[in-house]
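This report refers to the structure that appears directly beneath it.
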Amino acid sequence: MTILLLVLLIIVIVGVVGGVIALTVVLVTKRVQQSSANAVAAAFAPGEVLRSDPMANFFGWESRGGRQIRGNGALVLTAQRLWFRRAGAAEPLEIPLAAVTGIEIVRSHNGKSVRRDLLRVAVAGDSVAWWVREPKDWESHLRSLLPR
């Protein structure tokens, strides 16, 4: 009987810890999404945003290597620029579309992968990448806006 009680106690503890972790992930995700929505609303006029992802995962600049801060935030495409603000960052990253030299879908960037397609944007001999929902749609939308 003692072994059965010990096993049940372990199952209960694992369940409680799992529940706390799941709740924390949900709350943090909602907070990042709300922060992203607020940042986009403050930075753009109504109708200016052509495409956005409030939970884009930033993989950083290739030239800066794997030691830079990664994270989630809002990625926005307008007719003139690609804009990203990582949750907790003071300044956004802005890339004028006229400076974009290439766009591709890759599986890793800076030695990091999430085992999903990433959107990589080349700019002046460097590149930056994000995991976004529907990366192929982002790629085709970006290509349609680039100067020919």
Side-chain angles (χ1 to χ4, degrees), residues 1-97 100 102-123 126-145:
M1 187 87 149
T2 307
I3 293 175
L4 180 60
L5 287 175
L6 184 60
V7 169
L8 288 174
L9 182 61
I10 290 171
I11 291 171
V12 168
I13 290 171
V14 169
V16 168
V17 169
V20 168
I21 290 171
L23 181 61
T24 301
V25 168
V26 167
L27 293 175
V28 168
T29 299
K30 286 185 183 228
R31 189 167 187 180
V32 169
Q33 287 177 330
Q34 186 59 49
S35 172
S36 292
N38 292 342
V40 170
F44 297 96
E48 186 179 6
V49 174
L50 301 176
R51 183 174 207 91
S52 69
D53 187 335
M55 290 296 290
N57 189 322
F58 178 64
F59 277 65
W61 287 99
E62 185 174 20
S63 63
R64 296 182 190 163
R67 293 183 174 241
Q68 61 196 300
I69 297 174
R70 294 176 47 200
N72 292 64
L75 181 63
V76 172
L77 175 63
T78 72
Q80 294 83 27
R81 63 187 163 148
L82 193 58
W83 181 94
F84 176 74
R85 186 179 148 267
R86 186 177 45 80
E91 294 297 318
L93 164 64
E94 296 189 50
I95 301 172
L97 295 185
V100 173
I103 304 158
E104 63 183 327
I105 301 295
V106 297
R107 294 293 280 187
S108 67
H109 183 76
N110 273 343
K112 307 286 185 188
S113 174
V114 288
R115 300 177 190 211
R116 295 181 184 149
D117 288 343
L118 306 175
L119 174 70
R120 184 181 344 205
V121 178
V123 181
D126 204 351
S127 66
V128 62
W130 292 270
W131 174 81
V132 291
R133 286 182 214 101
E134 303 168 341
K136 291 180 180 165
D137 291 344
W138 274 86
E139 177 190 31
S140 62
H141 203 162
L142 262 165
R143 283 188 192 284
S144 74
L145 296 170

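Keep in mind the model is a prediction, meaning the values are calculated, not measured.
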Judged by atom type as modelled, is there a donor-acceptor pair below 3.5 Å linking the side chain of [X] to the main-chain atoms of [Y]?
X	Y	result
Arg143	Ile103	yes
Ser113	Arg107	yes
Asn57	Trp131	no
His141	Arg51	no
Asn72	Met55	yes
Asn110	Trp61	yes

Using 0.5 Å steps for rounding, measure from the [atom1] atom of [X] to the [atom2] atom of [Y].
X	Y	atom1	atom2	answer
Ser63	Gln68	OG	CD	7.5 Å
Glu139	Glu104	CD	CD	8.5 Å
Leu50	Leu142	CG	CG	10.0 Å
Leu6	Ile11	CG	CD1	10.0 Å
Leu119	Leu82	CG	CG	7.5 Å
Leu93	Leu75	CG	CG	9.0 Å

Heavy-atom pair with the smallest gap, counting every atom of [X] and [Y]:
X	Y	value
Val128	Ile95	CG1-CD1, 3.8 Å
Leu97	Thr78	CD1-O, 3.5 Å
Arg120	Ser127	CD-OG, 3.4 Å
Ala39	Arg85	CB-NH1, 3.0 Å
Ala56	Val132	CB-CG1, 3.8 Å
Ser108	Val106	O-CG2, 3.4 Å

Here the ring-ring contact (aromatic ring centres under 6.0 Å, His included) pairs for residues 75-95, sequence neighbours left out, are Phe44-Trp83, Phe58-Phe84, Phe84-Trp130
What do you reckon, is CZ of Arg115 surrounded by more than 12 foreign heavy atoms closer than 6.0 Å?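 Atom CZ in Arg115 is not crowded, with 12 or fewer foreign heavy atoms closer than 6.0 Å.
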Within a reach of under 6.0 Å around CZ of Arg64, are more than 12 heavy atoms found that belong to other residues, nucleotides or ligands?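 Open: at most 12 neighbouring heavy atoms sit under 6.0 Å from CZ of Arg64.
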Side-chain touch [X]/[Y], heavy atoms, less than 4.5 angstrom:
X	Y	value
Val121	Val123	yes
Asp117	Lys136	yes
Val100	Leu145	no

Kindly determine whether Ile105 and Trp138 satisfy side chain to side chain contact (heavy atoms under 4.5 Å, CB included), including the steps that lead there. CA-CA 10 Å; Ile105 301 295; Trp138 274 86; over 6 Å; no
Would you mind checking if Arg81 and Glu48 are paired as a salt bridge, meaning a charged N to carboxylate O distance below 4.0 Å? yes
Suppose we screen for side-chain contact (heavy atoms from CB on, under 4.5 Å). Which residues come up paired with Leu9, at least two apart in sequence or across chains? Ile13
